[in-house]
Each structure stands twice: as structure tokens, then as C-alpha cells.
Amino acid sequence: MPNAIIHHCPSLKLARERKETITDYSSIKISSFLSKYAKGKKYYIYTHGCQANYRDSEIFKGILEEVGFKPSIDIDHANIILINTCAVRENAENKVLGEIGNLKRLKNKKDITIIIAGCMAMEEVMVNELIKTFHHVDIILGTHDIAKLPDLLEEHLKKDKRVIEVNSGSGYIHERLPSVRDSIFKAFVNIAYGCDKFCTYCIVPYTRGRERSRDPKDIIKECKDLVKQGYLEITLLGQNVDSYGKDLKKKYSFAKLLDEVAKLKIPRISFLTSHPYDFSLEIIDVMKKHKNIQPYLHLPLQSGDDKILKLMGRKYDSKKYLSIIKYAKRVMPNLSISTDIIVGFPNEKDSQFKNTLKLVKAVKYDSAFTFIYSPRSGTPAAKMKDNISYQTKVQRFKKLNEILKQQMSENNKKLLNHAFSVLVDGVSKTDKTMLTGRLPNNKIVNFKGNKNLIGKIVKVKINEEHIYFLMGSLEK
């Protein structure tokens with residue numbers, strides 16, 4: 001391709017290889033050329049996907065502002081447009097491709113730079129599609145290459161060519177990248193990057209790389225700095241927080257890290273995401289020990305059938321999963337539990353689906369993210385022949401969600417007439433006259449109140465229950 005500079009393209013083979021983890025403490029360097037170019041120019045970032053992507057976007061903002069760009073609230077006024085993508089589901093990718101296509105109208109009007117980053121950029125098939133079809137995309141940037149953004153941008157501007165830098169085999173952790181956080185009172189803190197589980201349906205180990213744990217000292221320092229800045233809530237992030245520290249030379253468990261962060265006395269602490277295979281019951285003990293750790297656990301199930309779990313490569317069975325839940329509820333009766341469930345995994349029998357329903361009924365979840373199986377190119381499950389019709393999968397999906405909605409309603413009713421501490425996030429998206437926030441158990445509550453309460457912790461009494469949110473009133 002003559003008008004493109006291709007440094008690296010994604011490789012599923014390289015993504016599987018274990019690289020030695022190297023922590024880079026160097027700061028990024030901005031050239032005078034780039035600083036001069038950025039004067040008077042603005043950037044716009046559109047983020048899709050999980051909390052890890054939102055944290056990456058905060059770093060993208062930090063880098064672009066260090067270069068000299070200013071944020072734009074309107075994409076039409078931006079000179080740099082960056083789309084941070086998600087690859088977990090096919091419909092998410094289709095949505096992003098639509099957005100990328102729509103950007104051509106802006107490219108035809110003025111000189112702008114369009115950057116595609118995130119998990120879609122780590123897929124071989126998707127990068128080939130972007131190169132061949134979306135000629136108005138200027139830079140394709142992988143999840144391991146965020147620190148290279150200034151250099152790639154300068155290369156594109158100087159040579160007037162498209163630049164592709166997607167390194168699949170990285171083992172780096174960059175510790176001193178600039179960051180502009182989305183909130184002044186809630187913060188995401190990465191504790192590890194990547195995943196080593198390679199579940200047969202999942203693209204994440206290929207898009208995020210092999211597991212790399214940050215040094216606990218670096219994590220504690222970041223959390224201490226956030227406490228000094230007045231943050232009220234920290235969410236510890238990892239594709240699998242429970243395996244944190246297993247790749248460090250000096251072993252260090254997630255339970256120990258959680259305990260150390262809780263001792264910093266920040267008002268609210270939570271964490272995402274757990275994996276039943278690596279989950280230690282000691283984590284529940286630490287949660288019970290510290291009142292500032294929120295009584296909320298997200299523990300993905302995916303399936304309640306042991307044969308399907310084995311085909312998924314989940315490395316645990318339904319018995320182990322239920323044993324974790326039983327211990328957690330015994331130690332913390334007020335614990336709120338959410339999950340992820342996939343319906344219609346290739347060749348899932350009706351009896352196997354019923355095993356999932358049976359387990360769901362036993363757990364009584366507070367919330368759940370449910371999905372109809374979506375094949376991801378390059379994963380083992382995508383090669384499995386599937387004899388289950390899409391119509392059957394949709395019917396099962398509806399049945400599962402009927403049961404979950406009933407459970408959520410029953411659990412929400414138990415909260416009526418009780419008051420809880422709520423961190424006020426802002427104004428409700430659906431009703432601008434209402435404030436919104438989350439209870440310690442992660443439930444959303446809307447209530448009347450002055451906007452000066454945003455960013456503060458208040459007491460809210462629950463007056464009404466709805467399936468996906470609660471209605472409350474401020475306690476005097």
C-alpha cells in the first residue's frame with residue numbers, strides 16, 4: 001500500500017506469546033514541531049466499551065493536551081478525532097464502523113486527522129478492513145502503543161501518509177503517561193493489563209495481550225495521590241483482578257492489594273472484574289473487614305452447565321461457582337452480586353440452557369449483563385459448527401431475562417424505606433430535574449436535589465423500586 005507506513009500489524013500468533021513484563025518509567029517527549037502544530041487546535045475522543053477503554057481514553061486526553069491540543073465538546077469543531085473502540089461483540093464493531101464511515105463527511109470539509117485506537121485495532125480482519133475500505137482513516141493505533149501517539153501523529157503530518165502501528169507482542173507497562181480524568185471525584189486505577197485465560201469465545205487476550213501486573217508500589221502511590229486530590233471513589237481495574245500478582249517476581253495477591261488500598265481510607269472502593277477460577281475467599285474476608293469496600297461483587301458466570309463451561313475454557317464448574325456465592329453471602333448478607341451470561345454458545349442443548357436457569361434461580365442476582373453468543377474471528381469457538389438456530393437463541397435470551405428481571409425486582413423491594421449513602425454522580429440522563437448516583441451495592445438511584453451536591457456523598461431514602469433503577473429522596 002503506497003500511501004501507508006505500516007510499522008506493525010496485529011498478529012494472533014504474537015498475541016499468544018508470553019513476553020517479559022518491562023515497566024517503563026520514562027516520560028513522553030513532545031517535539032517543537034508538534035507543539036507548534038497543536039496551537040489553536042482541538043481534539044475529540046469517542047469511547048466505546050469497558051472501563052479499561054475509558055481509562056485509556058483518559059490517557060489519550062492527557063497526551064493530546066500535553067502536546068497542546070484543547071478538548072472540543074463538538075466533533076465538528078475538532079482537528080483530531082480519535083475513536084477508542086471495543087471488539088467484544090459484533091454489534092459494537094458494526095456501530096463503530098458506521099461512525100467511522102460518517103466521519104468521511106468531515107474529512108471532505110476540512111483538514112482533520114482521524115485516529116482509530118482500542119480493541120478493534122488489534123484484530124487482523126478489522127485492520128485489513130480499515131486499510132482497504134476506510135481510506136479517510138489516518139492512524140491505526142494498538143492498545144499497547146498508546147505512548148507512541150505523539151510520534152505517530154508527527155510522522156503522519158510530516159509525511160502526509162497513513163500510519164499503522166499495532167504491536168501484538170508487547171510486554172510493556174507505561175507508568176508515567178499523562179492523564180486527564182473524566183471525573184474529579186471518581187477514578188479508575190489499573191492494577192493489571194491483559195488476560196491469560198484464553199476463553200474460547202473471547203477476543204480480549206488477543207486485543208489486550210498477556211497478563212501484566214503493575215508493581216503494587218506504583219498502584220498504592222497512584223491511589224495515595226488520588227486521596228490527596230480529594231477523590232471519593234476508586235475502582236481497581238483488571239481483566240481478571242483475582243489473578244493479580246501471579247506474574248510478579250515477588251508474589252503479591254489481589255486480596256493483599258485490596259487490603260492495602262482500603263487502609264488509605266478513601267470513602268469508597270470497588271473492583272472489576274473477577275474470575276471464578278482465580279477467586280480467593282480471602283477477598284470476601286477483606287471486603288468484610290473494611291467498610292469502605294463497597295458490598296458489590298461482579299462475578300461472571302457465562303453458563304451454568306459444566307460441559308458448556310468446559311467448551312468455553314472457563315476452568316471452573318458450577319459447583320465451584322456456587323461455593324463462592326454461598327460463602328460470600330454467608331459472610332456478607334448484604335452483598336450485591338452481578339454477573340455476565342452468554343446464551344446460545346455453539347450447540348448449547350436445551351437441557352444445558354436449563355442448567356443455567358437453575359443456577360441463576362439459586363443465586364438470585366441483583367443485575368446481569370446478558371448476551372447472545374457472538375463469534376469473534378480468530379477465537380476457537382468461532383470455528384465450532386453450530387446447529388442451534390438464532391430464533392432458538394433469542395427465545396432462550398428472553399426467558400433468561402424474564403427470570404433476571406423478576407429477581408432484580410424482588411431484591412430492589414428489600415431496599416424500600418431504607419436509607420443508604422450515595423455518591424452523587426450528576427444529573428439524570430432521562431430527567432434533568434433529578435440527580436443520580438449509586439448506592440454502595442452499585443444500584444442506581446434518582447432523587448431530587450440541588451446540583452451543588454454533585455461529587456458529594458449524601459443519605460438517600462429509597463421510595464420506589466424499578467427493575468433497573470430506584471427512586472429516592474434526600475434524608476434531612
Is the distance between the ring centroids of Y373 and F345 less than 6.0 Å?
-> yes

Shortest non-hydrogen contact from D145 to E165?
-> OD2-O, 3.3 Å

Atom CG in L103, atom CG in N108: separation rounded to 0.5 Å?
-> 11.0 Å

Counting N and O atoms only, with roles assigned by atom type, does the side chain of T143 sit under 3.5 Å from a partner on the main chain of T207, one being a donor and the other an acceptor?
-> yes

Would you find a donor on one side and an acceptor on the other, under 3.5 Å apart, between the side chain of R162 and the backbone of I140?
-> no

Is the closest basic N to carboxylate O distance between D196 and K246 below 4.0 Å?
-> no

Here the pair of heavy atoms bringing S303 nearest to T356 is OG-OG1, 3.5 Å

Of all heavy-atom pairs between H77 and K42, which one has the smallest distance, and what is that distance?
-> O-CB, 4.1 Å

Is there a side-chain contact between D425 and K186, using heavy atoms and a 4.5 Å cut-off?
-> yes

With a 4.5 Å heavy-atom cut-off, do V189 and R214 have their side chains touching?
-> yes

Would one find more than 12 heavy atoms of other residues, nucleotides or ligands at under 6.0 Å from atom NZ of K251?
-> yes

With ring centroids as reference points, do F371 and F397 lie under 6.0 angstrom apart?
-> no

Within the distance-only criterion (no hydrogens, no angle test), does the side chain of Q302 pair as donor or acceptor with the backbone N or O of L309 below 3.5 angstrom?
-> no

Are any non-hydrogen side-chain atoms of R438 and I444 less than 4.5 angstrom apart?
-> yes

Pairwise side-chain contact, L301 with Y321, heavy-atom cut-off 4.5 Å (strictly under) | yes

H174 vs I28 side-chain heavy atoms within contact, under 4.5 Å | no

Where is the tightest heavy-atom contact between N292 and I266, given as atom of each residue plus distance?
-> ND2-O, 2.9 Å

Below 6.0 angstrom between ring centroids: does that apply to Y193 and H144?
-> no

Flag if over 12 foreign heavy atoms under 6.0 Å of OH, Y277 | no

When rounded to the nearest 0.5 Å, the distance separating OG of S377 from NZ of K383 is 9.0 Å

Stepwise side-chain hydrogen bond (donor to acceptor under 3.5 Å, both in side chains) check, T273 with H298 | CA-CA 6 Å; T273 295; H298 183 73; 5.1 Å; no

Any chance CG of D160 has more than 12 other-residue heavy atoms, nucleotides or ligands included, within less than 6.0 Å?
-> no

State whether the number of non-hydrogen atoms from other residues, nucleotides or ligands found under 6.0 Å of K265 atom NZ is greater than 12.
-> no

Test item: R176 side-chain N/O and Y25 main-chain N/O as donor-acceptor pair under 3.5 Å | yes

List for me each residue that meets side chain to side chain donor-acceptor pair (under 3.5 Å) alongside Y172, sequence neighbours excluded, and say none if there are none.
-> none

Flag if over 12 foreign heavy atoms under 6.0 Å of NZ, K256 = no

Which atoms form the tightest heavy-atom contact between T113 and Y37, and what is the distance?
-> OG1-OH, 4.4 Å

One should read off an interatomic distance between K221 NZ and E175 CD, to the nearest 0.5 angstrom, of 9.5 Å

Side-chain (E348) to main-chain (G344) donor-acceptor, under 3.5 angstrom | yes

Is it true that Y46 and H48 have ring centroids separated by less than 6.0 Å?
-> yes

Main-chain N/O of L299 paired to T339 side chain as donor or acceptor, under 3.5 Å | yes

Does the N441 side chain pair with the main chain of Y296, one donor and one acceptor, at a distance under 3.5 Å?
-> no

side-chain contact (heavy atoms from CB on, under 4.5 Å) test vs C223 passes for just one of V261, L257, I191, D218, namely V261

CG of N190 to OG1 of T235: how many Å apart, nearest 0.5 Å?
-> 11.0 Å

Do E93 and R376 pass the salt bridge (charged side-chain N to carboxylate O under 4.0 Å, His left out) test, and can you show the C-alpha distance, the side-chain angles, and the key distance before you say yes or no?
-> CA-CA 11 Å; E93 289 186 340; R376 303 284 74 208; 3.0 Å; yes

Determine, stepwise, if the pair K13 / E17 fulfils side-chain contact (heavy atoms from CB on, under 4.5 Å).
-> CA-CA 7 Å; K13 181 178 181 295; E17 294 178 2; 3.4 Å; yes

Ring centres under 6.0 angstrom apart (F271, F254) | yes

Any side-chain heavy atom of Y231 within less than 4.5 Å of one from R268?
-> no

Passes salt bridge (charged side-chain N to carboxylate O under 4.0 Å, His left out), E65 versus K61? Steps please.
-> CA-CA 6 Å; E65 292 193 19; K61 291 176 186 178; over 6 Å; no

Is there a donor-acceptor pair under 3.5 Å between the side chain of R208 and the backbone N or O of C195?
-> no

Given side chains that start at C-beta, do those of L106 and H136 come closer than 4.5 Å, heavy atoms only?
-> no

Which distance, rounded to the nearest 0.5 Å, do you find between the CD1 of I22 and the CZ of R212?
-> 11.5 Å

Where is the tightest heavy-atom contact between S243 and E211, given as atom of each residue plus distance?
-> OG-OE1, 2.6 Å

Would you confirm whether T85, through its side chain, and A117, through its main-chain N or O, come within 3.5 Å as a donor-acceptor pair?
-> yes

Measure the shortest side-chain to side-chain distance between I83 and E99 over non-hydrogen atoms and say whether it is less than 4.5 angstrom.
-> yes

Does any N or O in the side chain of D247 come within less than 3.5 Å of the main-chain N or O of S213, such that one atom is a donor and the other an acceptor?
-> yes

